[in-house]
Amino acid sequence: ALKIATIGGGSSYTPELIEGYIKRKDELPIKEIWLVDIEAGKEKLETVGAMAKRMVKAAGLDWEVHLTLDRRAALKDADFVSTQFRVGLLDARIKDERIPLSHGVLGQETNGAGGMFKAFRTIPVILGIIEDMKELCPDAWLVNFTNPAGMVTEAAIKHGGWKKTAGLCNVPIGHRKQAAEKLGIPEDDLFFKFAGINHFHWHRVWDKQGNERTQELIDLIYGPQEDSESHLKNIHNAPFHYEQIKDLGMLPCGYHRYYYIEDEMLKHSIEEFEKGETRAQVVKETEARLFELYKDPNLDYKPKELEQRGGTHYSDAACELIASIHNDKRTDMVVSTENNGTITDLPYDCVVEVSGPVTAHGHEPYNWGAFPPAARGIIQVMKGMEETVIRAAIDGDYGAALHAFTINPLVPGGTMAKTLLDELLIAHKDHLPNF
Ligand code: NAD
Ligand code: G6P
Ligand code: MN
């Protein structure tokens with residue numbers, strides 16, 4: 001029987017997770033679900049936790065749902081530990097978005113200056129969780145959803161030494177659905193290969209007859225007559241430049257907009273900033289509405305409104321990964337995992353986000369090989385930036401932090417990098433014990 005602990009259990013995404021377990025009740029012999037949060041998230045935990053209990057009961061299941069602020073009690077003998085926490089909650093994200101934008105620099109949850117600061121706040125916490133896991137559940141799998149998921153997963157595997165870590169994101173799931181829809185072919189009849197790093201990956205697609213359909217999809221999704229639709233609620237729909245994507249020869253992920261059409265995205269973000277409507281501010285209102293719904297003692301299913309959040313369908317990743325490990329199902333999934341030569345352009349010991357079956361012993365990535373030069377150049381810069389961010393987060397090293405800011409493609413180097421870094425360090429000082 002399984003014990004699953006979820007850190008950040010007060011998240012509004014928790015019903016998504018519970019729904020995913022219920023859907024897989026025949027493959028997951030769950031006995032206990034432990035939702036853990038901290039004092040600041042206690043009210044959210046109680047509200048969404050009561051909702052989780054109602055969902056389990058409505059499904060006729062006898063799973064125990066425990067709500068606790070005691071992380072150690074939750075971790076004790078856990079089989080799976082999933083993480084979905086946000087250090088400093090949405091108020092910290094508002095600062096990550098608004099402070100850079102107040103200087104005319106892109107501010108985003110997982111990219112640019114904001115993404116690097118989310119890593120600075122989060123990496124010490126994940127390493128603390130791993131220290132507890134070494135003592136309390138040494139055989140557990142760590143299923144990391146906490147952003148920036150790529151850097152947090154790399155810190156867990158490479159620096160925390162927790163090899164049984166899988167990093168997850170819902171973005172690839174959306175791209176799979178989008179390809180199936182555009183081609184009019186069932187998703188299961190298509191073969192996908194994703195490669196890159198979290199929120200910075202590309203993919204290629206083949207059909208059952210073995211024909212590659214990537215260029216056709218580029219035309220269908222990003223062609224001159226198309227409107228370049230983004231399936232992500234949190235990313236503005238600005239169109240990519242078709243000729244450039246065609247030259248790329250791979251399908252970009254939605255987040256590539258911040259890099260390939262940076263000025264358009266910045267312009268739009270500044271408009272949101274001026275209206276007081278950056279994404280975190282909008283999400284704060286969505287979250288408040290969701291928690292009002294969750295308070296309804298008759299609500300015992302995941303409400304449609306949760307689709308307003310960017311992480312919708314997240315359980316298709318988290319719960320399926322757990323089911324696939326537990327049953328050695330070998331479901332083809334996209335996971336942030338140790339590179340080990342899968343992408344030859346990147347270090348062996350770094351974490352990459354790639355496709356492959358999930359077995360009882362973890363993810364077995366398909367070999368990808370090398371990228372074309374234009375993609376190789378930028379991903380090597382991005383990975384070097386990530387490695388520098390992780391080092392800065394662990395050592396609290398100001399020079400490393402400044403270096404990461406300087407090389408991040410979304411932060412102008414020089415004086416601006418330093419100004420922004422200094423301002424963010426002050427704004428977030430309560431959540432940066434290492435600096
Ligand atoms: P949220 O603001 O609701 O935070 C979730 C919970 O984490 C809160 O209840 C909070 O109190 C708790 N928390 C904060 N610090 C904690 C700590 N040290 N220990 C335990 N709990 C703590 O956030 P959310 O919008 O639900 O998102 C949660 C996380 O998941 C974020 O990091 C977000 O970026 C990430 N996320 C990732 C993906 C993905 O694709 N990987 C998708 C959606 C969300
Ligand atoms: C998803 C990303 C997540 C991100 C979320 C933001 O698409 O995969 O990593 O956290 O969007 O959604 P939100 O509703 O919080 O803006
Ligand atoms: Mn993601």
Side-chain angles (χ1 to χ4, degrees), residues 5-17 34-49 67-71 74-75 81-94 96-97 108-111 114-115 118-119 121-129 132 143-153 166-175 197-201 230-236 253-255 278-288 290-291 305-318 321 334-336 353 431 433:
T6 295
I7 316 238
S11 161
S12 59
Y13 287 113
T14 292
E16 170 84 32
L17 205 58
W34 286 68
L35 303 175
V36 199
D37 215 288
I38 52 170
E39 191 58 43
K42 190 171 178 229
E43 225 186 290
K44 286 172 63 182
L45 176 69
E46 281 167 1
T47 306
V48 78
L67 315 180
T68 185
L69 302 187
D70 182 353
R71 184 168 90 193
L75 291 178
V81 177
S82 84
T83 64
Q84 50 176 33
F85 59 91
R86 186 187 297 283
V87 179
L89 293 139
L90 281 170
D91 287 333
R93 177 172 172 190
I94 292 177
D96 284 343
E97 292 175 351
Q108 211 276 330
E109 183 192 22
T110 61
N111 291 266
K118 189 160 161 56
R121 296 192 298 277
T122 310
I123 287 170
V125 177
I126 198 80
L127 294 177
I129 292 170
D132 282 353
V143 181
N144 179 60
F145 227 80
T146 301
N147 273 321
M151 287 190 263
V152 173
T153 302
L168 291 176
C169 176
N170 61 322
V171 168
I173 294 173
H175 283 295
I197 57 179
N198 182 239
H199 291 185
F200 202 90
H201 47 71
S230 156
H231 57 266
L232 295 164
K233 283 276 186 297
N234 56 318
I235 301 180
H236 172 58
C253 78
Y255 282 92
T278 65
R279 180 66 188 169
Q281 295 177 297
V282 173
V283 163
K284 219 174 167 174
E285 288 174 17
T286 310
E287 183 185 79
L290 280 166
F291 275 88
E305 283 79 350
L306 192 49
E307 287 173 19
Q308 294 307 311
R309 294 296 308 274
T312 183
H313 300 309
Y314 135 46
S315 61
D316 287 331
L321 179 108
V334 181
V335 176
S336 272
E353 196 161 292
H431 298 293

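Quick caveat: nothing in here was measured; it's all calculated off a predicted structure. In listed order, ligands and their atoms are each counted from 1. When a residue number appears, it is its place in the shown sequence, counting from 1.
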Worksheet, complete the sentence: Note: ligand 2 atoms sitting under 4.0 Å from heavy atoms of Val283 are 13 (P), 14 (O), 15 (O), 16 (O)
Discussion item. Closer than 4.0 Å to some heavy atom of Arg93 - which atoms of ligand 2 meet that?
Written reply: 13 (P), 15 (O), 16 (O)
Worksheet item: With atoms numbered from 1 as shown, which atoms in ligand 2 lie under 4.0 angstrom from a non-hydrogen atom of Arg279?
Response: 13 (P), 14 (O), 16 (O)
Item to complete: Applying side-chain hydrogen bond (donor to acceptor under 3.5 Å, both in side chains), run through Glu16 and Ser315 and close with a yes or a no.
Response: CA-CA 6 Å; Glu16 170 84 32; Ser315 61; 3.1 Å; yes
Discussion item. Are any of the N/O atoms on Gly311, whether in the backbone or the side chain, positioned under 3.5 angstrom from an N/O atom of ligand 1?
Written reply: no
Worksheet item: Can you tell me which residue and heavy atom of the protein come closest to atom 5 (C) of ligand 2, and the distance to 0.1 Å?
Response: Asn234 ND2, 3.7 Å
Worksheet item: Judged by non-hydrogen atoms, does Asn170 sit under 4.0 Å from ligand 2?
Response: yes
Discussion item. Let me confirm one number: the CG-OG1 distance from Asp96 to Thr110, rounded to the nearest 0.5 Å.
Written reply: 10.5 Å
Worksheet item: Which residue from Arg86, Glu43, Arg121, Gln84 reaches closest to atom 28 (C) of ligand 1 through any of its heavy atoms?
Response: Gln84
Fill in: Closest candidate by heavy atom, reference atom 11 (O) of ligand 1, pool Thr286, Val171, Asp37
Asp37
Discussion item. Gln84 and side-chain hydrogen bond (donor to acceptor under 3.5 Å, both in side chains): which single residue from Thr14, Asn144, Asn147 fits?
Written reply: Thr14
Fill in: Winner among Ser12, Gly10, Ser11, Gly88 once heavy atoms are compared against atom 26 (O) of ligand 1
Ser11
Worksheet item: Relative to ligand 1, is Arg71 under 4.0 angstrom through side chain, backbone, both or neither, heavy atoms considered?
Response: neither
Worksheet entry | Metal site angle (apex the Mn ion (ligand 3)), SG from Cys169 and NE2 from His199, 10 degrees | 100°
Worksheet item: Among Asn170, Ile173, Asn144, which one has a heavy atom closest to atom 40 (O) of ligand 1?
Response: Asn170
Discussion item. Within ligand 2, which atoms have a heavy atom of Cys169 less than 4.0 Å away?
Written reply: 8 (O)
Fill in: Minimum non-hydrogen distance to atom 15 (N) of ligand 1, winning option of Ile38, Leu35, Thr83, Asp91
Ile38
Worksheet entry | Sub-4.0 Å atoms of ligand 2 with respect to non-hydrogen atoms of Arg309 | 13 (P), 14 (O), 15 (O)
Practice prompt. Would you please determine whether Glu287 falls within less than 4.0 Å of ligand 1 on a heavy-atom basis?
Written response: yes
Worksheet item: What is the distance from atom CG of Leu75 to atom CD1 of Ile7, rounded to the nearest 0.5 Å?
Response: 4.5 Å
Practice prompt. Taking only heavy atoms of Val171 into account, list the atoms of ligand 2 that are under 4.0 Å away from them.
Written response: 7 (O), 8 (O)
Discussion item. Working to the nearest 0.5 angstrom, can you tell me the gap between Ser12 OG and Leu290 CG?
Written reply: 5.5 Å
Item to complete: Check whether any N or O atom of Leu168, backbone or side chain, sits under 3.5 Å from an N or O atom of ligand 1, and answer yes or no.
Response: yes
Discussion item. Do Glu287 and Lys44 make a side-chain contact, defined as non-hydrogen atoms from C-beta onward lying under 4.5 Å apart?
Written reply: yes
Worksheet item: Would you say ligand 2 has an N or O under 3.5 Å from any N or O of His199?
Response: yes
Response to the item:
In short, Met151 meets Gly115 closest at the heavy-atom pair CE-O, 4.3 Å
Fill in: Closest non-hydrogen atom pair between Arg71 and Val36, with its separation
CA-CG1, 3.7 Å
Worksheet item: So is Gly310 polar-close to ligand 2, meaning N/O to N/O under 3.5 Å?
Response: yes
Discussion item. Is there a polar contact between ligand 1 and Asn147, counting only N or O atoms under 3.5 Å apart?
Written reply: yes
Item to complete: Compute the minimum heavy-atom distance from Glu109 to ligand 2 and say whether it is under 4.0 Å.
Response: yes
Worksheet entry | Heavy atoms of other groups near Glu43 CD, more than 12 under 6.0 Å | no
Worksheet entry | Rounded distance [0.5 Å steps], CZ in Arg279 versus NZ in Lys284 | 15.0 Å
Fill in: Backbone or side-chain N or O of Lys44 under 3.5 Å from ligand 1 N or O
yes
Worksheet item: Quick one: does Glu109 get within less than 4.0 Å of ligand 1, heavy atoms only?
Response: yes
Worksheet item: Where the side chain of Asn170 meets the backbone of Thr312, is there a donor-acceptor pair that is under 3.5 Å apart?
Response: yes
Fill in: Nearest-option assignment for atom 38 (C) of ligand 1, heavy atoms, candidates Phe291, Phe145, Tyr314
Phe145
Worksheet item: Can you tell me which residue and heavy atom of the protein come closest to atom 3 (C) of ligand 2, and the distance to 0.1 Å?
Response: Asn147 ND2, 3.7 Å
